[in-house]
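One structure is given below, encoded as structure tokens.
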Amino acid sequence: MSILVTGAAGFIGSNLVQHLLKKWPDRRIVSFDALTYSGNLLNLEPVRDHPNHTFVKGDICDREGVRAVLVDHEISGVIHLAAESHVDRSIVDPMAFVRTNVDGTVTLLQEASEAWGDRDDVRFHHVSTDEVFGSLGDTGAFDETTPYSPNSPYSASKAASDHFVRAWHETYGLPVVLTNCTNNYGPYQFPEKLIPVVLTRAMAKRTVPVYGQGSNVRDWLFVEDHCDALATVFDRGQNGETYGIGGEAEVSNLELVHAILDEFDLATGNRVGASRALVAFVDDRPGHDLRYAMDISKIRAELGWHPTVTLKQGIARTVRWYLDNGAWLDAVSGGEYRQFEELWYSDRDGAAT
Ligand code: NAD
Ligand code: TYD
């Protein structure tokens with residue numbers, strides 16, 4: 001069996017490819033990625049010479065390129081992660097999100113349907129986010145029956161892609177599964193998302209920007225647990241079904257930032273608590289969702305999956321990884337990312353120093 005992983009050079013994609021090659025020694029993995037600012041072949045370096053792995057550079061919006069990879073590599077499963085993934089960027093440039101997340105997903109659906117015809121030994125797994133459900137109040141959690149209510153251009157584009165996947169199943173009979181996961185963290189996360197922002201700025205002794213009062217709440221899942229959930233749903237999820245995935249680890253942004261900075265101090269021999277002084281409260285993100293949380297009863301009961309890494313363990317492993325991978329950080333933090341960072345933070349009380 002050959003499986004196409006789109007977005008394979010990104011954060012979750014590269015962790016997933018490494019995970020699947022270990023877990024499934026009898027399957028071939030074809031990594032497909034356009035190598036945008038957030039995708040980097042360095043993320044796939046550990047599996048570059050793996051005999052069951054091939055990398056193909058390509059854009060999911062390019063019909064011919066998608067068709068060629070599906071046919072040439074006799075793909076019978078797709079795990080689709082390629083996306084524009086950062087909420088702050090979607091506020092600045094929403095059309096990029098419509099193009100990749102909506103047009104790109106529909107292109108993949110069309111080409112997979114075309115290549116597979118009526119086969120039922122195939123599967124299209126669409127990887128999505130809990131952000132499509134909008135924002136929660138102080139209590140409760142999203143589940144697979146929660147109505148969609150996206151608030152950012154990012155989550156609106158992911159919501160649209162989810163609907164198209166569902167439509168391809170209902171209208172054309174494409175065998176699909178969908179997953180909606182909460183915030184991931186861990187190795188190879190591009191340094192524009194909260195946890196690597198905190199770490200890279202602490203390492204450089206720069207201020208750590210916390211939006212608003214830091215009271216927004218997220219649920220955090222260590223990326224390896226997400227990869228295991230994706231493999232589980234791809235193999236054993238029911239055709240046409242959606243599964244919520246989460247870490248059952250809710251925390252406010254400020255509590256999380258403090259926990260990371262304390263772990264950073266511990267790992268670098270600083271007085272624990274000293275780096276908390278780097279926190280700078282900056283203007284809030286427009287339309288900032290207050291709280292996300294996912295009820296994972298369905299995946300737990302039907303497929304026996306549950307998170308295994310606690311937030312404390314995951315933070316310690318993540319801090320260690322970023323401290324040990326300075327060369328990776330330097331390599332991925334150049335050029336286009338620096339320009340975005342300067343544009344974004346210069347509008348936010350000059351928090352970038
Ligand atoms: P990422 O930004 O790190 O990686 C995205 C990858 O997609 C990059 O390698 C990029 O080069 C590639 N890509 C972008 N546009 C492309 C195109 N047009 N054609 C081919 N490749 C393209 O993102 P991530 O955090 O790894 O997220 C991966 C997926 O998981 C996304 O679909 C995201 O919505 C979803 N998700 C992420 C999280 C999270 O916390 N990071 C949580 C739930 C779901
Ligand atoms: P982020 O990592 O961008 O993920 P998402 O918006 O998809 O949840 O942000 C996580 C939370 O951290 C979110 O509430 C916004 C906040 N945040 C900051 O306070 N400061 C930052 O520099 C960033 C990037 C995010």
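Start at 1 and go down the list; that is how both ligands and their atoms are numbered.
The pair D265-R276 fails the salt-bridge criterion, with no side-chain N (NZ, NE, NH1 or NH2) lying under 4.0 Å from an Asp/Glu carboxylate O. A salt bridge is absent between R28 and E74: the closest approach of a Lys/Arg side-chain nitrogen to an acidic carboxylate oxygen does not fall below 4.0 angstrom.
Scanning N253, N183, D284, D88 for the heavy atom closest to atom 4 (O) of ligand 2 points to N183. Of the candidates R285, R89, E192, Q213, the one placing a heavy atom closest to atom 3 (O) of ligand 2 is R285.
Residue contact check: V87 has heavy atoms under 4.0 Å from atoms 6 (O), 7 (O) of ligand 2. Close approach of ligand 2 to H86 (heavy-atom distance below 4.0 Å) involves ligand atoms 3 (O).
Between E131 and Y292, the side chains place a donor N or O and an acceptor N or O closer than 3.5 Å (distance only, hydrogens not considered).
For D118, the CG atom sits in a loose shell: 12 or fewer heavy atoms of surrounding residues, nucleotides or ligands are nearer than 6.0 Å. Heavy atoms from other residues, nucleotides or ligands lying under 6.0 Å from CZ of F164 number 12 at most.
Both cation-pi conditions hold for R89 and Y37: the charged atom is under 6.0 angstrom from the six-membered ring centre and inside a 45 degree cone around its axis.
Cluster partners of L266, by chain and number: V272. The rule joins Ile, Leu, Val, Met, Phe, Trp and Tyr whenever side-chain heavy atoms lie under 4.5 Å apart.
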Can you list every pair where an N/O of ligand 1 is under 3.5 Å from an N/O on the protein?
from: ligand 1; atom 1: 2 (O); to: S38; atom 2: OG; distance (Å): 2.8
from: ligand 1; atom 1: 2 (O); to: S85; atom 2: OG; distance (Å): 2.7
from: ligand 1; atom 1: 3 (O); to: F11; atom 2: N; distance (Å): 3.0
from: ligand 1; atom 1: 9 (O); to: G10; atom 2: N; distance (Å): 2.9
from: ligand 1; atom 1: 9 (O); to: D33; atom 2: OD1; distance (Å): 3.2
from: ligand 1; atom 1: 9 (O); to: D33; atom 2: OD2; distance (Å): 2.6
from: ligand 1; atom 1: 11 (O); to: D33; atom 2: OD1; distance (Å): 2.5
from: ligand 1; atom 1: 11 (O); to: T36; atom 2: N; distance (Å): 3.0
from: ligand 1; atom 1: 11 (O); to: T36; atom 2: OG1; distance (Å): 3.0
from: ligand 1; atom 1: 18 (N); to: D59; atom 2: OD1; distance (Å): 2.9
from: ligand 1; atom 1: 18 (N); to: T100; atom 2: OG1; distance (Å): 3.4
from: ligand 1; atom 1: 19 (N); to: I60; atom 2: N; distance (Å): 3.0
from: ligand 1; atom 1: 21 (N); to: A34; atom 2: N; distance (Å): 3.1
from: ligand 1; atom 1: 23 (O); to: S85; atom 2: OG; distance (Å): 3.2
from: ligand 1; atom 1: 26 (O); to: F11; atom 2: N; distance (Å): 3.4
from: ligand 1; atom 1: 26 (O); to: I12; atom 2: N; distance (Å): 2.8
from: ligand 1; atom 1: 32 (O); to: L81; atom 2: O; distance (Å): 2.9
from: ligand 1; atom 1: 32 (O); to: K158; atom 2: NZ; distance (Å): 2.7
from: ligand 1; atom 1: 34 (O); to: Y154; atom 2: OH; distance (Å): 2.7
from: ligand 1; atom 1: 34 (O); to: K158; atom 2: NZ; distance (Å): 3.1
from: ligand 1; atom 1: 40 (O); to: N184; atom 2: N; distance (Å): 2.8

